[in-house]
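What follows is one structure encoded as structure tokens, with my remarks underneath.
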Protein chains: 2
Amino acid sequence: MSDVDLTVERLELRGHRVTASRRRVIEAVLARPSHFTVDDVLRETRAVGRATVFRTMKLLTDLNVVCRVLFEDGALHYRVSTRGHHHHVVCRECGRVEDFTTCDVSALVRDLSRATDYEIEGHWLEGYGRCSDCRAATVPASREAPGG
Amino acid sequence: MSDVDLTVERLELRGHRVTASRRRVIEAVLARPSHFTVDDVLRETRAVGRATVFRTMKLLTDLNVVCRVLFEDGALHYRVSTRGHHHHVVCRECGRVEDFTTCDVSALVRDLSRATDYEIEGHWLEGYGRCSDCRAATVPASREAPGG
DNA sequence: ACCTAACTGAGACTCGGTATCAACGCAAAC
DNA sequence: GTTTGCGTTGATACCGAGTCTCAGTTAGGT
């Protein structure tokens with residue numbers, strides 16, 4: 001059973017209908033090797049309406065098929081979701097995105113709860129830096145960072 | 001010397017001009033007891049042009065007079081900046097925002113660097129939960145969370 | 001085959017923010 | 001005090017991301 005079929009099944013289980021448009025969006029999304037924007041999907045699914053693509057992206061986010069990655073400039077990207085709760089590191093140079101689950105964010109959150117007297121129920125964490133490949137290429141590329 | 005004058009001085013030191021419009025924006029911003037949106041500032045500085053308010057907010061962010069707070073629904077708020085680098089916890093119920101510097105984020109970042117083989121240069125962290133006041137008010141308010 | 005609620009898609013709309021550009025005015029030089 | 005020039009302003013057009021509307025379509029249960 002393909003990834004697409006698996007996702008389709010998840011849709012059905014939640015009582016959503018499986019339409020040709022949704023299938024096309026799912027196919028486009030799952031074919032993406034790395035992170036992507038809604039615009040990327042729009043470009044690959046010309047036949048599907050704008051609103052439908054946005055609606056389906058939201059649906060896929062709710063189903064945890066994809067997750068959102070916040071870039072430093074505020075741009076929202078997506079990425080096919082692997083595990084459960086995790087965070088991302090984004091390479092400032094090549095834009096590569098990596099997941100991480102290894103680090104103990106929960107300990108930080110616990111400390112944080114204590115320090116602020118808040119009951120912390122959720123958090124958002126993104127890391128920004130340079131991936132190993134870009135560091136290996138010693139020539140420091142000067143790519144200007146967009147606004148913000 | 002008032003906070004406004006101090007900020008104005010910072011502007012001058014950086015070679016920026018001190019205009020009536022900027023002064024009005026700075027006054028509105030510094031009068032804010034807590035976090036606020038650009039829209040709040042716009043509403044309080046009717047005489048000042050939209051573009052100028054946005055430009056001044058950017059300027060104040062660069063000068064570290066204010067810092068940005070990302071809400072869970074993606075809305076960008078501002079808040080008069082206290083210390084240097086810090087993070088926020090946002091109360092999901094009353095929207096209160098608290099700073100925190102106490103927690104050792106740098107340790108996490110160090111682990112993160114090791115785990116992902118990225119050179120982590122920056123990060124974005126926000127916590128979401130319920131503040132002590134809202135927890136004290138035992139009645140669980142059901143406020144629906146906006147999109148996302 | 002029928003029915004209907006879920007879904008679609010074109011397009012108008014909203015919202016936050018930026019670009020343009022002629023006019024303005026701060027502040028340094030005279 | 002006047003000149004001057006460049007940083008700044010603000011009206012307005014524009015942009016991109018996302019939502020709303022609504023008439024028309026369709027998946028999928030009976």
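Letters A, B, ... mirror the listed sequences (proteins, then strands); counts begin at 1. Atoms considered below: every heavy atom in the structure, side chains included; atoms not considered: hydrogens, waters and symmetry mates.
Between B:His16 and D:dT8 there is a side-chain polar atom (N or O) within less than 4.0 angstrom of OP1 or OP2. Contact annotation: A:Thr19 side-chain N/O to D:dA27 OP1/OP2 distance is not under 4.0 Å. Proximity of B:Ser21 to the phosphate of D:dT8: no side-chain N or O atom is located under 4.0 Å from OP1 or OP2. Remark: B:Lys58 is in phosphate contact with C:dT18, judged by side-chain N or O atoms under 4.0 Å from OP1 or OP2.
Using a 4.0 Å heavy-atom distance criterion, A:Ala47 is classed as a sugar-phosphate-only contact. Contacts of A:Thr52 with the nucleic acid, taken as non-hydrogen atoms under 4.0 Å apart, include base atoms.
Using modelled atom types and a 3.5 Å distance limit, the side chains of B:His123 and B:His87 yield a donor-acceptor pair.
The nucleotide whose nearest atom lies closest to any side-chain atom of B:Asp39 is, among D:dG10, D:dT26, C:dG16, C:dG16. Ranking C:dA27, D:dG10, C:dA10 by closeness to the A:Ala51 side chain, first place goes to C:dA10.
Between B:Arg55 and B:Leu76, the one whose closest nucleotide on DNA chain C sits nearer the 5' end is B:Leu76. Residue-to-nucleotide proximity on DNA chain C shows that, of A:Val53 and B:Val18, the 5′-proximal contact is made by A:Val53.
For the pair A:Glu119/B:Cys134, no side-chain contact is recorded, criterion being any heavy-atom separation below 4.5 Å from C-beta on.
Less than 6.0 angstrom separates the ring centroid of B:His77 from the ring centroid of B:Phe71.
The interatomic distance linking B:Asp40 (CG) with C:dC15 (P) rounds to 14 Å, in whole Å. Following rounding to the nearest Å, A:Arg23 (CZ) and D:dA27 (P) show an atom-to-atom distance of 12 Å.
With hydrogens and angles ignored, the 3.5 Å screen pairs no side-chain donor or acceptor of B:Arg23 with any backbone N or O of B:Val18.
Side-chain atoms of B:Arg22 stay outside donor-acceptor range of the base of D:dG7, with no qualifying N/O pair under 3.5 Å.
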